[in-house]
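Data first, discussion second: the structure below is written as structure tokens.
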Protein chains: 2
Amino acid sequence: MPVAPLFRPIDVAPAYQKVADAIEREIVNGRIKPGDPIGTEHDLVRQFGVNRSTIREGIRVLEEGGLIRRDSSRRLHACLPRYSKLASRLSRALVLHEVTFRELYEASMTLEVASIEGAVERASEENLAELADNLARSEAVVGHPAALAECDAEFHVLVAKASQNRVLQLAREPAAQLFYPTTEMIVTGVAEGGPRLVAAHRHLIDAIRRRDREAGVLWTRRHLQDWRRGFEKIASLDRSVEHMYMEHAQAARRR
Amino acid sequence: MPVAPLFRPIDVAPAYQKVADAIEREIVNGRIKPGDPIGTEHDLVRQFGVNRSTIREGIRVLEEGGLIRRDSSRRLHACLPRYSKLASRLSRALVLHEVTFRELYEASMTLEVASIEGAVERASEENLAELADNLARSEAVVGHPAALAECDAEFHVLVAKASQNRVLQLAREPAAQLFYPTTEMIVTGVAEGGPRLVAAHRHLIDAIRRRDREAGVLWTRRHLQDWRRGFEKIASLDRSVEHMYMEHAQAARRR
DNA sequence: CGCTCTAACTTTGTCGGACAAAGGGACAGA
DNA sequence: TCTGTCCCTTTGTCCGACAAAGTTAGAGCG
């Protein structure tokens with residue numbers, strides 16, 4: 001017969017975790033603002049009354065979580081977690097879970113359509129200028145797959161930004177990061193891929209400028225379907241995302 | 001006149017980072033599989049030829065990233081990053097970026113609709129059984145806001161799971177985690193909130209079972225609009241997500 | 001007076017060694 | 001089979017130390 005639950009589990013978190021939690025609390029509840037200095041390791045040793053090694057382990061945890069970072073002179077500051085860094089964690093997780101390109105494609109279809117809808121509704125002049133600038137650069141490198149793929153990735157980040165919805169921006173990023181390396185392969189392998197890609201971007205900017213939601217959705221779908229057709233020429237949609245991820249992740253880590 | 005580029009930048013990452021990178025590489029490229037033991041700290045000291053403090057800092061990084069964890073006896077294992085843990089990082093970031101409930105609502109509308117569409121198309125019998133079980137538990141606690149809110153959160157996780165799309169599952173989670181605490185407040189404040197919530201779930205399960213996409217989308221929209229109406233009775237949609245986050249994040253950390 | 005260069009001083013990254021507490025395993029006894 | 005005990009390993013934490021890189025305060029100079 002099971003005993004009646006008389007005691008609660010005791011909180012026995014190790015010291016470095018408590019240090020990390022304590023600092024995180026101060027940042028999340030706003031007592032430490034992004035940009036504020038945290039103090040030197042020695043300061044923290046004094047404040048928490050634990051050894052420097054312990055403090056350093058706690059700092060690593062927060063650093064990895066993107067809550068604090070070291071500036072040029074390696075001093076500690078609170079900071080806003082960068083989306084791209086967090087997204088690369090997620091991308092890594094997706095790779096490890098061996099998600100397929102089909103899942104990626106389906107999710108991206110949803111997310112990119114939502115982005116363009118937001119952009120059509122709320123894009124500012126500045127957003128449009130950024131997009132136009134991106135388009136110009138894309139046209140200049142239409143013959144260089146690597147550079148074009150990078151422009152494409154940036155283009156969709158800018159569309160998401162133009163949606164003025166940061167939740168959406170963040171939600172689409174992990175899938176987008178996994179798309180990116182394949183775009184280069186596709187543009188390389190399919191002759192008319194580059195021009196079609198740029199043309200789609202042009203139509204998308206046009207749709208945003210005219211606030212034409214239908215056109216925006218239509219061209220986003222076409223754009224993604226182009227990707228899909230191109231991809232299916234080189235691999236099956238049911239293949240899991242794997243190696244293509246590696247290099248890109250390494251590059252992202254260097255920031 | 002600029003010198004010809006004779007040398008490449010040298011990799012001057014600190015040792016603990018190199019340790020973390022090296023282990024991460026082995027995990028991501030599959031040479032170490034999820035579940036495999038990593039070895040003791042002492043083993044790693046020998047293998048990498050650095051001090052144990054250095055190894056420990058590297059381990060903290062990987063642990064925070066969810067790539068390795070310590071089992072009951074605190075031995076190190078590789079593991080698949082848990083979505084919920086990563087998502088709580090993202091939720092935290094969203095809080096710090098002071099996103100508004102409007103952004104949350106809009107993004108969730110997109111993501112939850114996509115989830116139900118996937119679920120209608122691909123839910124298995126097992127998925128349906130889990131959902132039915134959740135519904136039964138929800139009906140039992142319809143008068144207890146906290147328990148009901150928890151059931152609601154789980155319900156939508158199960159719907160996303162039924163979509164068989166892990167990218168979608170992951171993408172919706174951060175926003176969902178921020179929703180969750182408010183559901184309790186709403187169910188508490190609005191008398192008919194609980195029964196309406198359960199009724200919506202019932203219709204959603206029914207739609208999935210009948211593979212009725214229209215009904216699924218319709219009831220998902222209604223369900224979210226209910227949330228919105230309830231929320232607007234207690235606060236403005238343009239308020240940023242803040243304090244409500246804290247407690248939930250703390251609880252999530254304990255796993 | 002303002003600028004540069006140098007000599008302290010700080011801070012970080014790393015190292016070596018140390019120890020208590022907790023877990024795991026083997027073994028004896030009931 | 002279950003329990004208690006002893007021993008060994010591993011982890012979490014601490015102490016002290018040092019080189020390298022960055023910072024600060026002057027000293028010296030124009």
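Per chain, numbering begins at 1; letters A, B, ... match sequence-line order. All values below were derived from every heavy atom in this structure, side-chain atoms included, with hydrogens, water molecules and symmetry-related copies excluded.
Taking atom NZ of Lys18(A) as the reference point, atom C1' of dG12(D) lies 12 Å away to the nearest angstrom. Straight-line distance from the CG atom of Asp43(A) to the P atom of dT10(C): 12 Å, rounded to whole Å. Between the CD1 atom of Ile55(A) and the P atom of dG13(C) there is a distance of 14 Å, given to the nearest Å. When the P atom of dG23(C) is taken as reference, atom CG of Asp71(B) falls 12 Å away, rounded to whole Å. Atom CZ in Phe48(B) sits roughly 13 Å away from atom P in dC15(C) (whole-Å rounding). In this structure, CD of Glu57(A) is placed 12 Å from C1' of dC14(D), rounded to the nearest angstrom. Atom CZ in Arg52(A) sits roughly 9 Å away from atom C1' in dT14(C) (whole-Å rounding). Between Glu41(B) atom CD and dG17(C) atom C1' the separation is 15 Å, expressed in whole Å.
Considering only side-chain N and O atoms, Arg56(A) lies nowhere under 4.0 angstrom from the phosphate OP1 or OP2 of dT12(C). Listed pair Asn51(B) / dT14(C) fails the phosphate criterion, with no side-chain N or O lying under 4.0 Å from OP1 or OP2. OP1 or OP2 of dC15(C) sits under 4.0 Å from a side-chain N or O of Thr54(B). Under 4.0 angstrom from either OP1 or OP2 of dG13(C) there lies at least one side-chain N or O belonging to Arg60(A).
Residue Arg75(B) is in sugar-phosphate contact alone, with no base atom involved, counting any heavy-atom pair closer than 4.0 Å across all strands shown. Note on Arg70(A): only backbone sugar-phosphate atoms sit closer than 4.0 angstrom, heavy atoms only; bases stay farther off.
A 4.5 Å side-chain heavy-atom check between Leu90(B) and Leu90(A) finds at least one atom pair inside the cut-off.
In this structure, Ser163(A) and Ser115(A) approach most closely via the heavy-atom pair CB-O, 3.5 Å. For the pair His156(B) and His201(B), the tightest heavy-atom approach, listed with the atom from each and the gap, is NE2-NE2, 3.7 Å. Considering every non-hydrogen atom in both Tyr180(A) and Ala153(A), the closest pair reads CD1-CB, 3.7 Å.
If Ser53(A) and Arg74(A) are placed on DNA chain D by their nearest nucleotide, the residue sitting closer to the 5' end is Ser53(A).
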Point to revise | Stepwise salt bridge (Lys or Arg N to Asp or Glu O under 4.0 Å) test for Glu57(A) and Arg60(A) | key: CA-CA 5 Å; Glu57(A) 290 188 36; Arg60(A) 292 295 160 244; over 6 Å; no
